[in-house]
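To keep things clear, I will list the structure first and then write my remarks on it.
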Amino acid sequence: MIWGAMNNASTAMMATSWDMGSISQNISNVNTTGYKRKETLFKTVMSESKAGPSTHSGKLNIFGVKTADRYHIEQQGTITGSNWNTDLAINGRGFLLVAPPSTTTSGTTVSSNAPTSASVDDPASVLYTRDGSFHFVAGPNQEKYFTTAGGNYVLGWMADDTGTIDQTGALTPVYTLPETTMEGRETTEASVFANIPRDATLSASNFNSTSTFTDPLGASQTLTLNWSRVDATTWTVTPSVPAAVGAVSSAAMTVTMDSNGNITAPATFAAEPVTINWDDGAYGAATADSATTVNLSSSKPSIPMQKIYLEVFDSNFNSHTVTLGFERSGINTWYMHVLPGSNATTGANPTPIDVTFNEDGKMVTGSPASLALSWTSGTEVGTATVALDMDGMTQYDGDLHIDNIATDGYGSGTLISSGFNERGEMYGQFTNGKTRALFKLPIAQFVAENNLEPISGNLFRRSREAGDITVSSVENAVGAPRFSPSSLEASNVDIGQEFTKMIVTQKAYTTNATVFKTADEMTTVARDLKA
């Protein structure tokens with residue numbers, strides 16, 4: 001019996017010593033990112049078995065104690081904010097996948113030691129972690145690889161040039177490349193949400209302009225041009241002179257103008273001839289008809305417009321400012337002029353579009369519209385065909401008010417920074433103001449993650465006891481976990497709980513030491529009885 005007491009006390013001292021080691025491990029890692037608390041449990045173990053002191057009591061079994069460790073890997077640590085947009089935490093079940101470097105390097109020469117292949121079926125090929133405090137390692141071609149503090153490479157699915165990710169593809173080390181470019185996109189769609197004023201200046205349907213000329217007697221006379229509008233781009237111009245002077249024998253002129261207000265016909269608009277039949281009484285019957293010229297361009301009517309500007313990218317991803325000029329032609333009716341801007345092909349302005357509104361201020365006709373644009377001069381050469389949605393436009397009293405203009409085009413860009421989002425996508429920000437997915441991080445889940453094998457570097461190794469592994473995107477993971485960008489998961493150690501356990505463990509150790517000492521003294525007494 002005394003031997004049993006000594007044996008029990010010694011096993012208890014060893015067990016509590018082991019427990020103190022677990023407590024010290026937890027306390028030392030209280031600030032370790034993603035650390036999971038280790039708990040030491042105790043179980044009985046038979047230390048002695050013998051017959052009882054009487055024939056009625058049966059055998060007397062004496063039990064000591066033995067330790068059994070348990071890791072609280074599935075217990076979530078507190079998610080705390082970080083100052084780095086490349087830090088990442090998992091809120092919920094799951095692990096990041098990382099791979100050890102394939103080779104070691106020495107010296108200052110940059111060489112690739114990134115793993116070329118990684119398989120979750122090989123426990124040595126892929127490791128698992130909850131520590132998302134990533135570091136960077138340079139590659140031989142200016143790559144910037146994401147690694148853990150221990151130098152293990154973060155694994156993910158790589159996106160193609162359009163940002164599409166194949167989640168059935170191979171896992172590769174995640175990296176960024178400063179020279180990564182994003183190809184531009186031609187503008188094919190645009191939408192306008194705006195209000196144009198119901199009481200905007202009404203364009204003239206008739207307009208008179210004058211010019212002066214010299215008659216056969218050397219006197220200055222006035223020539224009047226009456227502009228009568230036919231449609232959005234066509235005018236009939238009728239010249240006349242005072243009756244005392246005579247009459248214009250030239251026919252009325254048909255003048256066409258583009259949306260910029262430039263005259264495209266007749267070709268001699270800068271010096272268009274006008275023939276005058278002089279009055280016989282004033283100038284004599286022998287005075288022959290004579291011609292003067294007029295500059296239609298300098299005497300044309302002005303066109304008031306409410307202007308809305310679109311940024312359009314052509315087929316070569318050059319940026320152009322396209323102006324939509326709304327000219328009020330009548331009650332609830334407008335002409336929309338499309339002005340492609342500088343370097344546009346001569347005569348390439350699309351035909352003005354008739355736009356009408358109802359009495360409630362809603363657009364009735366004019367939307368959708370198709371704009372065929374072309375630029376062939378200068379360095380910005382290209383074309384664009386834009387489907388324009390104007391269903392969101394209104395005609396109310398007040399000023400021109402633009403709520404929103406959206407286009408789907410953009411220019412080419414170069415990578416300037418990167419970060420993560422809640423879907424685990426590493427996205428790149430480019431100089432064209434756009435973002436694009438570069439990689440997507442998978443999430444690994446196990447049947448019994450508490451049985452993973454903890455190893456150095458805030459890592460876990462797959463074990464048979466952990467069960468089957470599932471690797472998926474976070475959207476398809478069990479339990480709806482989410483990534484938390486610019487965040488880290490703190491250790492799940494409760495410092496107060498650990499100190500309480502430490503006091504209890506210390507007391508248990510001291511008490512068992514007293515038991516051992518007392519049993520030892522009892523054996524000494526028994527020994528001395530012989531003397």
Side-chain angles (χ1 to χ4, degrees), residues 32-34 76-99 114-115 118 126-139 142-167 169-178 180-182 413-445 457-460 471-490:
T32 300
T33 302
Q76 175 82 51
T78 303
I79 303 297
T80 58
S82 165
N83 293 325
W84 296 91
N85 64 344
T86 53
D87 285 344
L88 196 65
I90 300 176
N91 190 357
R93 290 183 55 196
F95 299 85
L96 298 166
L97 288 79
V98 299
V126 178
L127 302 173
Y128 309 91
T129 185
R130 297 276 296 189
D131 183 1
S133 55
F134 298 141
H135 299 250
F136 299 112
V137 173
Q142 299 186 356
E143 302 98 335
K144 189 161 65 173
Y145 286 97
F146 285 70
T147 66
T148 64
N152 295 286
Y153 288 78
V154 180
L155 299 176
W157 294 300
M158 188 175 184
D160 62 19
D161 292 340
T162 66
T164 302
I165 298 172
D166 179 9
Q167 298 182 18
L171 294 173
T172 60
V174 176
Y175 68 91
T176 61
L177 193 61
T180 300
T181 59
M182 175 188 284
T414 304
L415 182 69
I416 54 177
S417 65
S418 60
F420 291 98
N421 59 25
E422 291 184 351
R423 297 182 298 276
E425 294 171 346
M426 189 188 77
Y427 60 88
Q429 295 177 326
F430 293 80
T431 53
N432 58 6
K434 300 296 180 179
T435 61
R436 190 189 78 200
L438 304 175
F439 279 88
K440 185 176 179 66
L441 301 186
I443 192 167
Q445 293 183 319
N458 302 343
L459 299 171
F460 299 94
V471 178
S472 66
S473 64
V474 69
E475 296 90 344
N476 297 324
V478 176
R482 283 293 179 267
F483 286 107
S484 295
S486 300
S487 301
L488 294 173
E489 180 185 2

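Considering only heavy atoms from C-beta on, Leu441 comes within 4.5 Å of Val174 through its side chain. Side-chain contact between Pro481 and Gln445 is present, with heavy atoms from C-beta onward closer than 4.5 Å. By the 4.5 Å heavy-atom criterion applied to side chains, Leu97 and Tyr128 are counted as neighbours. In this structure the side chain of Phe439 reaches within 4.5 angstrom of the side chain of Thr172, judged on heavy atoms.
Identified under the side-chain hydrogen bond (donor to acceptor under 3.5 Å, both in side chains) test for residues 473-483, with sequence neighbours left out: Gln167-Ser473, Lys440-Glu475, Ser473-Glu475, Ser473-Asn476. Residues in residues 88-98 take part in these salt bridge (charged side-chain N to carboxylate O under 4.0 Å, His left out) pairs, two or more places apart or across chains: Arg93-Glu449.
Asn421 contributes no side-chain N or O that, together with a main-chain N or O of Pro485, makes up a donor-acceptor pair within less than 3.5 Å. One N or O on the side chain of Thr129 and one on the backbone of Asn458 form a donor-acceptor pair closer than 3.5 Å. Distance alone, capped at 3.5 Å, places no donor-acceptor pair between the Thr180 side chain and the Pro178 backbone. Glu489 places a side-chain N or O within 3.5 Å of a backbone atom of Gly77 that can act as its donor or acceptor partner.
Here the CZ atom belonging to Arg436 is positioned 5.5 Å from the CG atom belonging to Asp161, to the nearest 0.5 angstrom. Note that OG of Ser418 is 6.5 Å distant from CG of Asn85, once rounded to the nearest 0.5 Å. Separating the CD atom in Gln429 from the OG1 atom in Thr414 is a distance of 14.0 Å, to the nearest 0.5 Å. Rounding to the nearest 0.5 Å gives a distance of 9.0 Å between OG1 of Thr148 and CG of Leu127. Interatomic distance, Ile90 CD1 to Leu96 CG, rounded to the nearest 0.5 Å: 4.0 Å. Rounding to the nearest 0.5 angstrom, the gap separating the CZ atom in Phe420 from the CZ atom in Phe146 is 4.5 Å.
Legend: residues meeting side chain to side chain donor-acceptor pair (under 3.5 Å) with Ser133, ordered by chain and number and at least two apart, are Asp131. Annotation: side chain to side chain donor-acceptor pair (under 3.5 Å) contacts of Asp160 (sequence neighbours excluded): Thr162. Take Phe460 and apply the ring pair (Phe, Tyr, Trp, His ring centres under 6.0 Å) test, not counting sequence neighbours, and it matches Phe95. The side chain to side chain donor-acceptor pair (under 3.5 Å) check on Thr80 picks up nothing, with sequence neighbours excluded.
Shortest non-hydrogen contact noted between Pro442 and Leu171 is CG-CD2, 3.7 Å. Closest heavy-atom contact between Ile79 and Gln76: CD1-NE2, 3.5 Å. The shortest non-hydrogen separation linking Gly413 to Phe430 is O-CD2, 3.8 Å. Taking both residues in full, the closest heavy atoms of Glu422 and Val474 are given as O-CG1, 4.0 Å, listed atom of the first, atom of the second, then distance. For the pair Asn152 and Leu459, the tightest heavy-atom approach, listed with the atom from each and the gap, is ND2-CD1, 3.3 Å. Heavy-atom minimum distance, Gly94 versus Arg130: O-NH1, 2.7 Å.
Aromatic ring centres of Phe136 and Tyr145 lie farther apart than the 6.0 Å criterion allows. Between Tyr153 and Tyr175, a ring centre-to-centre spacing not shorter than 6.0 Å is recorded.
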